[in-house]
Undergrad: 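This is the structure, below, for whatever I ask next.
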2 protein chains.
Amino acid sequence: MDCGDLFNPDCPTRLVLDRIADKWTVMLLVLLSQGPMRFSALKRATGISQKVLAQTLKRLERDGFASRAVFPTVPVTVEYLITPLGADLAQTLEGLRLWSERHIGAVLAAQRDYDAAA
Amino acid sequence: MDCGDLFNPDCPTRLVLDRIADKWTVMLLVLLSQGPMRFSALKRATGISQKVLAQTLKRLERDGFASRAVFPTVPVTVEYLITPLGADLAQTLEGLRLWSERHIGAVLAAQRDYDAAA
DNA sequence: CAGTATCCGGAGCGATACTG
DNA sequence: CAGTATCGCTCCGGATACTG
């Protein structure tokens, strides 16, 4: 891994990591990559508080990972959709998901050993 | 992406993500994957505060991603080394790094557009 | 329904001082 | 050298209440 620029706070990898590294972003990314969803559906599915959900969706939109579709019904209906960029990122995250499922056992075992030694 | 279990806080992907999603873990992982390093060298290379560096290294060790080698010199010498598990994870993160370098332009452009509209 | 506004507690991180 | 201990600030996230 070329990491010279990792020391730069503006390094692409750090920027992306900082963006997806909060509690809910990846989860919403994955959810939306399965299909469009409305605000309340996302809230129900995830259990996120309204404030944080709104916040996270706004950032997703700002970064170009999701888009908003507003239907002028009464009351208003809003759908969130993943963008091609967001779908591409979700696809890439798949590698990390596979790694996690394969190796989580090893990680948890290491933690147990470590804690037992202490 | 099979995300049914993403809603479970104990889902492997969330566990791993939560562990590497802090400010310094990935950077240390990458650094150590290039070769063993001593505490003070890591401190100099990264600019992390002593407290947070010690904290982060301890977690890396607990998760089985790094190991400590203590040499009984005076004063004591300590080297940190990446483990096979840690090296494997660093390798996987390479995919995310590549994605970041390829698409960071699109992300920053999206942010500019979004901010300009507001 | 789809948000915004406000308050609050806890975690993360840095700076500083101290120790074997 | 390789840490630990303490303080203080900031930001994140949750709970609650309110609005077009």
Side-chain angles (χ1 to χ4, degrees), chain A residues 6-9 14-29 31-32 36-63 66-82 114 117-118, chain B residues 6-9 14-29 31-32 36-63 66-82 114 117-118:
Chain A
L6 254 180
F7 306 123
N8 177 4
R14 289 187 65 176
L15 288 176
V16 170
L17 222 51
D18 284 355
R19 272 302 296 107
I20 65 173
D22 57 282
K23 201 169 173 183
W24 301 110
T25 298
V26 169
M27 192 168 162
L28 289 179
L29 223 36
L31 258 182
L32 291 179
M37 262 198 240
R38 295 172 56 179
F39 188 90
S40 46
L42 288 168
K43 180 162 158 40
R44 266 193 311 276
T46 60
I48 316 180
S49 69
Q50 280 188 341
K51 183 191 123 187
V52 174
L53 177 58
Q55 229 173 226
T56 307
L57 286 171
K58 223 175 229 172
R59 279 198 298 246
L60 243 27
E61 204 193 339
R62 186 175 112 99
D63 292 335
S67 63
R68 252 169 54 106
V70 182
F71 303 98
T73 51
V74 179
V76 71
T77 300
V78 178
E79 242 182 23
Y80 287 87
L81 307 99
I82 200 152
Y114 185 93
Chain B
L6 254 181
F7 307 122
N8 176 4
R14 289 186 65 176
L15 287 175
V16 170
L17 222 52
D18 284 354
R19 272 303 295 108
I20 66 174
D22 57 282
K23 199 169 174 183
W24 301 110
T25 297
V26 169
M27 193 167 160
L28 289 178
L29 223 37
L31 257 181
L32 291 178
M37 261 197 240
R38 296 172 54 180
F39 188 89
S40 46
L42 288 168
K43 181 162 158 40
R44 267 193 311 277
T46 59
I48 316 180
S49 70
Q50 279 188 340
K51 183 190 122 188
V52 174
L53 178 57
Q55 228 173 228
T56 307
L57 286 170
K58 225 174 228 172
R59 280 198 296 246
L60 243 28
E61 205 194 340
R62 185 174 113 98
D63 292 336
S67 62
R68 252 169 55 105
V70 182
F71 303 98
T73 52
V74 180
V76 71
T77 301
V78 177
E79 243 183 20
Y80 286 87
L81 306 100
I82 199 154
Y114 185 94

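Note: hydrogens, waters and symmetry copies are ignored here, and every other heavy atom, side chains too, is used. The chains referred to below are lettered A, B, ... by the order of the sequence lines, with proteins before strands, and numbering in each begins at 1.
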Undergrad: From CD of A:E61 over to C1' of C:dA2, roughly how many Å is that when rounded to an integer?
TA: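 So the CD-C1' distance, A:E61 to C:dA2, works out to 13 Å.
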Undergrad: If you only use heavy atoms from C-beta on, which nucleotide in C:dC13, C:dC1, C:dG3 is closest to the side chain of A:Q50?
TA: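 For the A:Q50 side chain, the nearest candidate turns out to be C:dG3.
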Undergrad: What's the CG-C1' distance between B:D22 and C:dG14, to the nearest Å?
TA: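 Nearest whole value for this atom pair: 15 Å.
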Undergrad: Side chain of B:S49 only, please: which of C:dG14, D:dG13, C:dA2 is the nearest?
TA: C:dG14
Undergrad: Just N and O in the side chain of A:R68: are any of them under 4.0 Å from OP1 or OP2 of C:dG3?
TA: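 Indeed, a polar side-chain atom of A:R68 lies that close.
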Undergrad: Need to verify one output field. Residue with the more 5' nearest nucleotide on DNA chain D, A:P75 or A:R59?
TA: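 With A:P75 and A:R59 compared, the 5'-side residue is A:R59.
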Undergrad: Between C:dT4, D:dG13, D:dA2, which nucleotide has the shortest distance from any of its atoms to the side chain of B:F39?
TA: D:dA2
Undergrad: Between D:dG13, D:dC1, C:dG14, which nucleotide has the shortest distance from any of its atoms to the side chain of A:V52?
TA: D:dG13
Undergrad: Taking for each residue the nucleotide of DNA chain C bearing the nearest heavy atom, is the 5' side occupied by A:V76 or by B:I48?
TA: A:V76
Undergrad: Once you round it to whole Å, what is the distance between C1' of C:dG12 and CG of A:D18?
TA: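 Atom-to-atom, A:D18 to C:dG12, this comes out as 13 Å.
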Undergrad: Report the nucleotide, chosen from C:dA2, D:dC7, D:dG14, that has the shortest atom-to-atom distance to any side-chain atom of B:K51.
TA: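 Of C:dA2, D:dC7, D:dG14, D:dC7 is nearest to the side chain of B:K51.
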Undergrad: Could you tell me which nucleotide pairs with C:dG20 by Watson-Crick or G-U wobble geometry, both distances under 3.5 Å, or answer none if nothing does?
TA: D:dC1
Undergrad: If you compare every side-chain N and O of B:K58 against the phosphate oxygens of D:dT4 (OP1, OP2), does one of them come in below 4.0 Å?
TA: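 Yes, such a contact exists.
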Undergrad: Using only side-chain N and O atoms of A:Y80, determine if any of them is under 4.0 Å from OP1 or OP2 of C:dG3.
TA: yes
Undergrad: Which whole-number value in Å describes the distance from B:L57 CG to D:dT4 C1'?
TA: 14 Å
Undergrad: Is there a Watson-Crick or G-U wobble partner for D:dT10 with both distances under 3.5 Å, and if so, which one is it?
TA: C:dA11
Undergrad: Do the side chains of A:L32 and A:L42 get nearer than 4.5 Å, heavy atoms only?
TA: yes
Undergrad: At 4.0 Å (heavy atoms only), tell me whether A:K23 reaches a base, stays on the sugar-phosphate, or touches nothing.
TA: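 If one applies the 4.0 Å heavy-atom cut-off, A:K23 turns out to touch the sugar-phosphate alone, with no base involved.
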Undergrad: Does a nitrogen or oxygen in the side chain of B:R38 sit under 4.0 Å from OP1 or OP2 of D:dC1?
TA: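 Answer no for this pair, as no side-chain N or O of B:R38 is under 4.0 Å from OP1 or OP2.
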Undergrad: I want to verify a distance call: between D:dC1, D:dG13, D:dT4, whose nearest atom is closest to the A:Q55 side chain?
TA: D:dG13
Undergrad: Calculate the interatomic distance between B:K43 atom NZ and D:dA2 atom C1'; express it in whole Å.
TA: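 Going from B:K43 (NZ) to D:dA2 (C1'), I get 11 Å.
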Undergrad: Dump the intermediate steps for side chain to side chain contact (heavy atoms under 4.5 Å, CB included) on A:Y80 and A:R68, then the final yes or no.
TA: CA-CA 5 Å; A:Y80 287 87; A:R68 252 169 54 106; 3.1 Å; yes
Undergrad: Check whether any side-chain nitrogen or oxygen of B:T77 sits under 4.0 Å from OP1 or OP2 of D:dC1, and answer yes or no.
TA: no
Undergrad: Whole angstrom is fine here: how far is it from CG in B:L53 over to P in C:dG12?
TA: 16 Å
Undergrad: Apply the test side chain to side chain contact (heavy atoms under 4.5 Å, CB included) to residues A:Y114 and B:K58: give CA-CA distance (whole Å), side-chain angles for both, the deciding distance (0.1 Å), then the verdict.
TA: CA-CA 10 Å; A:Y114 185 93; B:K58 225 174 228 172; 3.3 Å; yes
Undergrad: D:dT4, D:dA2, C:dG3: which one has an atom nearest the side-chain heavy atoms of A:V78?
TA: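 The answer is C:dG3, which lies nearest to the side chain.
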Undergrad: Assess the residue pair B:L53 and B:L28 against the criterion (side chain to side chain contact (heavy atoms under 4.5 Å, CB included)); give the C-alpha distance rounded to whole Å, side-chain angles, the decisive distance to 0.1 Å, and a yes or no.
TA: CA-CA 9 Å; B:L53 178 57; B:L28 289 178; 3.9 Å; yes
Undergrad: Can you name the closest pair of heavy atoms from A:L31 and A:M37 and give their distance?
TA: CD2-CE, 3.2 Å
Undergrad: Go through the steps for A:K23 and A:V52 under the test side chain to side chain contact (heavy atoms under 4.5 Å, CB included), then give the verdict.
TA: CA-CA 10 Å; A:K23 201 169 173 183; A:V52 174; over 6 Å; no
